[in-house]
2 protein chains.
Amino acid sequence: MVAEKSASYRNTTQRAIILAEVESYDGHLTAGEIFERVRRQYPTIAYGTVYRTLHLLAEHGLIQELTFADQASRFDKRVERHDHVHCTDCGIIVDVDVPVALMARHVAEEQSEFTITSHHTVFNGLCRTCQGARNTGLRAASISVRAG
Amino acid sequence: MVAEKSASYRNTTQRAIILAEVESYDGHLTAGEIFERVRRQYPTIAYGTVYRTLHLLAEHGLIQELTFADQASRFDKRVERHDHVHCTDCGIIVDVDVPVALMARHVAEEQSEFTITSHHTVFNGLCRTCQGARNTGLRAASISVRAG
DNA sequence: GTCTATGCAAAACGTTTGCAGATAT
DNA sequence: ATATCTGCAAACGTTTTGCATAGAC
């Protein structure tokens, strides 16, 4: 995918690498994690550049910025609206798509008198691994699993 | 409401004031805002005490901690599960209750194979005031309005 | 009297920014 | 050529923490 250029968007090496890094990862990286990964390919990259670029890419709709209860923003190559399930034990975040939530939007509009343009639901609970670990008394490692 | 005491919960003056402050406010204060308010009554209070106490009160279920896209945690006297509508113009946050969202939980459980224990939806859009301001070309001040 | 909580101050985070020099256009 | 971007480094706001003292029980 090529970046759509709005007024004065310059295609720099750094931006290309940062975008490629987010697009090559199937999950929800923090800006810090992206910085570390980009630095392996381009050691002189600055933290500030990564932050600025990630927000720029998000504004251009090329990636999506997500916010969870922990403090760090996460970035996702998936730009379509979707929701997330978060394991309170191991911290893994898994994508889900909950069409029912679209109905909730109208209810929220009626209650609040807002004009609603987007919404995001975070579900908290235990992933399969941590459910099992709980039964055996063990603690699950942070194993990457994604909802199908 | 009196704090339920678990093992080694001490009723201190500071804790009582902090709890009373959250319970007397009808909205979503940040920890910093709560600190400022508590300090008017109890000028020697420390930031650290406010933070520690707010989390303690949240763990005990006396207040609720909420996280939005901006960085600061907010604290709410409402402990029942509910959702929020956020105005992207003026930043106001309004409570809503979206029972439909309960159905979404089962869908999310099936898709993720998680055992889900809680969920929270944030809707983004424009409040009535900012809708009006947009029409007239004016910018709305941050006026407190709550959904009925 | 003992054990926990507070106040203080420093540090740990994630994030943002001003600026001079480098680079895309 | 020039307007924008990068790298650097410092600053910012929120949150956490170590430690000695004060206070609840």
Side-chain angles (χ1 to χ4, degrees), chain A residues 2-22 28-60 62-63 65-76 91 93, chain B residues 2-22 28-60 62-63 65-76 91 93:
Chain A
V2 171
E4 344 169 33
K5 297 164 194 173
S6 73
S8 81
Y9 178 101
R10 292 191 173 173
N11 275 317
T12 65
T13 309
Q14 292 90 331
R15 289 180 180 181
I17 293 174
I18 293 165
L19 178 57
E21 199 59 63
V22 175
H28 312 85
L29 294 170
T30 63
E33 287 163 350
I34 294 165
F35 170 68
E36 289 302 338
R37 284 161 169 268
V38 169
R39 190 153 65 157
R40 289 180 208 151
Q41 290 178 247
Y42 196 95
T44 58
I45 194 99
Y47 237 96
T49 302
V50 173
Y51 271 96
R52 276 188 282 234
T53 302
L54 287 169
H55 289 134
L56 187 73
L57 294 172
E59 277 166 24
H60 284 239
L62 295 169
I63 63 176
E65 179 169 1
L66 301 167
T67 310
F68 299 98
D70 68 339
Q71 53 272 31
S73 286
R74 288 164 188 279
F75 296 86
D76 193 341
I93 294 163
Chain B
V2 171
E4 343 170 33
K5 296 164 192 171
S6 72
S8 81
Y9 177 102
R10 292 191 173 172
N11 275 316
T12 65
T13 309
Q14 292 90 334
R15 289 180 179 179
I17 293 175
I18 292 165
L19 178 57
E21 199 59 65
V22 176
H28 312 84
L29 295 169
T30 63
E33 288 163 348
I34 294 165
F35 169 67
E36 289 301 338
R37 285 162 168 269
V38 169
R39 190 152 66 158
R40 288 180 209 151
Q41 289 177 250
Y42 197 95
T44 59
I45 194 97
Y47 238 95
T49 303
V50 173
Y51 273 95
R52 277 188 283 233
T53 301
L54 288 169
H55 289 133
L56 187 73
L57 294 172
E59 277 166 24
H60 284 239
L62 295 169
I63 63 176
E65 180 169 359
L66 302 167
T67 310
F68 299 98
D70 68 341
Q71 55 272 31
S73 286
R74 288 165 189 278
F75 296 86
D76 193 340
I93 294 163

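Below, chain A is the first sequence line, B the second, and so on; all start at residue 1.
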**Student:** Under 4.0 Å from OP1 or OP2 of dT15(D): is there any side-chain N or O of Ser73(B) that close?
**Tutor:**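 Yes, because at least one side-chain N or O of Ser73(B) sits under 4.0 Å from OP1 or OP2 of dT15(D).
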**Student:** Has His55(B) got a side-chain N or O lying under 4.0 Å from the OP1 or OP2 atom of dT15(D)?
**Tutor:**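 No, His55(B) has no side-chain N/O under 4.0 Å of OP1/OP2 on dT15(D).
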**Student:** When all nucleic acid strands are considered with a 4.0 Å heavy-atom cut-off, which category describes Tyr42(B): base, sugar-phosphate, or nothing?
**Tutor:** sugar-phosphate
**Student:** Grab the CZ-P distance between Arg39(A) and dC8(D) for me, whole Å please.
**Tutor:**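 For the pair Arg39(A) CZ and dC8(D) P, the rounded distance is 10 Å.
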**Student:** Between Thr44(B) and Ala31(A), just flag the one whose closest nucleotide in DNA chain C comes earlier from the 5' side.
**Tutor:** Thr44(B)
**Student:** Give the rounded distance in Å between these two atoms: CD1 of Ile34(A) and P of dT15(C).
**Tutor:**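 Between P of dT15(C) and CD1 of Ile34(A): 10 Å.
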**Student:** Roughly how far, to the nearest 0.5 Å, is NE2 of His28(A) from CD of Glu33(A)?
**Tutor:**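 Separation between the atoms: 11.5 Å.
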**Student:** Can a donor-acceptor pair be found, under 3.5 Å and without considering hydrogens, that links the side chain of Arg74(A) to the backbone of Phe68(A)?
**Tutor:** no
**Student:** Looking at CG of Leu56(A) and CD1 of Ile63(A), how far apart are the two atoms once the value is rounded to the nearest 0.5 Å?
**Tutor:**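 Separation between the atoms: 9.0 Å.
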**Student:** What does the list of N/O pairs under 3.5 Å between the protein and nucleotides 17-23 of chain D look like, with a distance for each?
**Tutor:**
from: dG23(D); atom 1: N2; to: Arg10(B); atom 2: NH1; distance (Å): 2.6

**Student:** Could you state the CZ-P distance from Arg15(A) to dT4(D), rounded to the nearest angstrom?
**Tutor:** 11 Å
**Student:** Where the side chain of Gln14(B) is concerned, which of dG7(D), dT15(C), dG7(C) is the nearest nucleotide?
**Tutor:**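 Selected nucleotide (nearest to the side chain): dG7(C).
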**Student:** Does OP1 or OP2 of dT16(C) have a side-chain N or O of Tyr51(A) closer than 4.0 Å?
**Tutor:** no
**Student:** Could you check how far CG of Leu54(B) sits from C1' of dT14(D), rounded to whole Å?
**Tutor:** 13 Å
**Student:** Whole angstroms only, please: what is the CD1-P distance between Ile18(B) and dT6(C)?
**Tutor:**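 Atom-to-atom, Ile18(B) to dT6(C), this comes out as 7 Å.
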**Student:** Which part of the nucleic acid, if any, lies within contact of Thr30(B), taking any heavy atom under 4.0 Å across all strands shown: a base, the sugar-phosphate backbone alone, or nothing?
**Tutor:** nothing
**Student:** Rounded off to whole Å, could you give me the CZ-to-C1' distance for the Arg74(B) and dG13(D) pair?
**Tutor:** 13 Å
**Student:** Got a second to check how far Ile17(B)'s CD1 is from Arg15(B)'s CZ, nearest 0.5 Å?
**Tutor:** 13.0 Å
**Student:** Mind calculating the distance between CD1 (Ile17(A)) and P (dG7(D)) to the nearest angstrom?
**Tutor:**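 The distance from CD1 of Ile17(A) to P of dG7(D) comes to 9 Å, rounded to the nearest Å.
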**Student:** If you measure from CG on Leu66(B) to CG on Asp76(B), what distance do you get to the nearest 0.5 Å?
**Tutor:** 5.5 Å
**Student:** In Å and rounded to the nearest 0.5 Å, what is the CZ to OH distance from Arg39(A) to Tyr47(A)?
**Tutor:** 8.0 Å
**Student:** From dG7(C), dG7(D), dT15(C), pick the nucleotide closest to the side chain of Ile45(A)?
**Tutor:**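 My answer, after comparing the listed nucleotides, is dG7(D).
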**Student:** Provide the closest heavy-atom pair for Ala31(B) versus Val50(B) in the form atom of the first, atom of the second, distance.
**Tutor:**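 Distance-wise, the nearest heavy atoms are O-CG1, 4.0 Å.
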**Student:** Given atom NE2 of His60(A) and atom P of dC5(D), what is their separation to the nearest angstrom?
**Tutor:** 9 Å
